[in-house]
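Step one of this worksheet: look at the structure below.
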Amino acid sequence: MKETWTIEAVVRWATDDFRARGIESPRLDAEVLLAFALDTDRVRLIVDARRPLEADELARFRELVKRRRKHEPVAFLRGEREFFGRPFRVDARVLIPRPDTEVLVQVALERTRHVSLSMRALDLCTGSGCVAISLGRERPTAQVLASDISEGALAVARDNAHRLGAFNVGWASGDLFGALASRAGLRFDVVTANPPYIPSEEIATLAEDIRSFEPILALDGGQDGLDLLRRIVQDAPAFLVDGGVLAVEVGAGEAPDVGQLFEQRGFEDVRIARDYGGIERVVSGAWPAGMRVLP
């Protein structure tokens, strides 16, 4: 007799399969991928738990399972990840946006309330554009410029901006502030950055979902993880207005050292914000008025 594959049966099968392969959240992944294959949501999976799957539905789900077995991230399988309440398209050219990075957006918005109608922002290492686009959408009258060294990442970011209606965000290609070489004199109320900050020797210890699929260029922060952070803190003052704010995302345990870099460079009101897991994740500081620095 031909076996009948219902929704609950295939979820159970995929969950057991993923668990046996060491996948971290087997049940959740199984449900999310099946909902995607059926173009529905997880609530509907519960309601229709005993509905048999059609052959084409089962085939679509099996292909997703095959890819997830190899630890390809669910976000890449679905082609998108939610960030700050908006769906961002993602693929292997960019890091997958994480909820922890939402704190970077929150800090930038909070520390620029006094210029909320005229904010000028620069987002370095923009990747999928999630930070720059979120700033642009939250502050429609702001002018946001985003840069990345990867042309592939910029292509993804531009597409996200177009789909999400962030028409006040511009794009520049280059290495950190080098992307502004042709835009002499630009200064910003806030500069944000989520640069690579994983120490090189720790890359091999990352989950396979990360180290085998997300771009190493966006992960490797050098021997101690602070290579790019040092450059950003050193060079940012030349691109900030008086009282302008620099806000950067850092790795677990790096906030004290990065905070010290801010203070040594001359930043004032240096603050550290924790992410949703309680980890010190974002360091920010204001550049003193009257301390003009040339690029």
Side-chain angles (χ1 to χ4, degrees), residues 18 21-25 29 67-76 81 83 90-104 107 123-128 130-131 147-154 156 174-179 191-236 246-265 267 270 272-285:
F18 290 161
R21 298 170 191 274
I23 290 174
E24 217 170 273
S25 50
D29 289 3
R67 293 170 63 184
R68 186 63 185 128
R69 282 172 173 170
K70 299 175 182 177
H71 293 264
E72 186 172 350
V74 171
F76 288 170
R81 178 69 171 264
F83 181 86
V90 292
D91 59 33
R93 291 173 289 181
V94 298
L95 285 185
I96 297 168
R98 266 79 172 178
D100 295 341
T101 303
E102 293 183 358
V103 178
L104 179 60
V107 167
D123 181 46
L124 304 174
C125 309
T126 198
S128 65
C130 61
V131 171
S147 72
D148 203 289
I149 196 171
S150 166
E151 292 293 344
L154 285 173
V156 174
D175 181 21
L176 300 181
F177 294 102
V191 172
T192 57
N194 179 15
Y197 54 68
I198 306 297
S200 300
E201 64 179 14
E202 293 182 16
I203 298 294
T205 69
L206 296 175
E208 187 174 350
D209 309 50
I210 300 172
R211 69 174 188 270
S212 296
F213 292 93
E214 298 191 64
I216 297 298
L217 180 67
L219 294 169
D220 193 339
Q223 185 174 356
D224 63 356
L226 305 183
D227 281 4
L228 270 73
L229 285 161
R230 287 191 186 89
R231 292 174 55 198
I232 291 169
V233 173
Q234 178 63 33
D235 296 344
L246 171 64
V248 298
E249 179 172 329
V250 302
E254 295 177 349
D257 289 339
V258 176
Q260 190 172 30
L261 291 175
F262 271 67
E263 291 172 351
Q264 290 172 345
R265 184 66 179 94
F267 283 90
V270 177
I272 295 175
R274 296 180 182 271
D275 63 23
Y276 302 135
I279 294 172
E280 294 180 330
R281 184 63 66 185
V282 174
V283 181
S284 63

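Predicted model only: the values in this text are computed from it and were never measured. We use all heavy atoms of the structure for the numbers below, so side chains are in, but hydrogens, waters and symmetry mates are not.
Pairing each heavy atom of Arg98 with each of Phe83, the nearest pair is O-CE1, 3.4 Å. Across Gln223 and Ser200, no two heavy atoms sit closer than the pair N-OG, 3.9 Å. Of all non-hydrogen atoms in Val233 and Phe262, the two that sit nearest each other are CG2-CE1, 3.6 Å. The shortest heavy-atom contact between Glu208 and Lys70 is OE2-O, 3.9 Å. Taking every heavy atom of both residues into account, Ala153 and Arg93 meet most closely at CB-O, 4.0 Å. The shortest heavy-atom contact between Arg68 and Asp209 is NH1-OD2, 2.7 Å.
Under the 4.5 Å side-chain criterion, counting only non-hydrogen atoms from C-beta, Arg81 is in contact with Pro99. Residues Asp235 and Leu176 fail the side-chain proximity criterion, which asks for heavy atoms closer than 4.5 Å. Between Arg230 and Leu261 there is a side-chain heavy-atom pair separated by less than 4.5 Å. Under the 4.5 Å side-chain criterion, counting only non-hydrogen atoms from C-beta, Leu229 is in contact with Val248. For the pair Leu124/Ser147, a side-chain contact is recorded, criterion being any heavy-atom separation below 4.5 Å from C-beta on. Looking only at side-chain heavy atoms (C-beta outward), Leu226 and Val258 come within less than 4.5 Å of each other. Side-chain contact check for Arg67 versus Val74: every heavy-atom pair is 4.5 Å or farther apart.
In this structure, Asp175 CG and Cys125 SG are separated by 8.0 Å, a value rounded to the nearest 0.5 Å. Between the CZ atom of Arg231 and the CZ atom of Phe177 there is a distance of 9.5 Å, given to the nearest 0.5 Å. Taking OG of Ser284 as the reference point, atom CZ of Phe267 lies at 10.0 Å (rounded to 0.5 Å). Within the model, atoms OG of Ser212 and CD of Glu72 stand 11.0 Å from one another, a figure rounded to the nearest 0.5 Å. With values rounded to the nearest 0.5 angstrom, Thr101 atom OG1 is found 8.5 Å from Leu95 atom CG. In this structure, CD on Glu201 lies 10.0 Å from CG on Asp224, to the nearest 0.5 angstrom.
Open room surrounds CG on Leu217; 12 or fewer heavy atoms of other groups in view lie less than 6.0 Å from it.
Side-chain polar atoms of Asp148 and Thr126 form no donor-acceptor pair below 3.5 angstrom.
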Step-by-step side-chain contact (heavy atoms from CB on, under 4.5 Å) determination, Ile279 to Asp100: CA-CA 9 Å; Ile279 294 172; Asp100 295 341; 6.0 Å; no
Pair Val156-Val90, side-chain contact (heavy atoms from CB on, under 4.5 Å): steps then yes or no: CA-CA 7 Å; Val156 174; Val90 292; 5.7 Å; no
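If you run side-chain contact (heavy atoms from CB on, under 4.5 Å) between Pro196 and each of Ile216, Leu228, Ile203, only Leu228 comes through.
Salt bridge absent: Asp220 and Arg211 never bring a charged side-chain N and a carboxylate O closer than 4.0 Å.
Proximity of a side-chain donor or acceptor of Glu214 to a complementary backbone N or O of Ile96 within less than 3.5 Å is detected. Judged purely by atom type and a 3.5 angstrom limit, Arg274 has no side-chain atom pairing as donor or acceptor with the backbone of Arg281.
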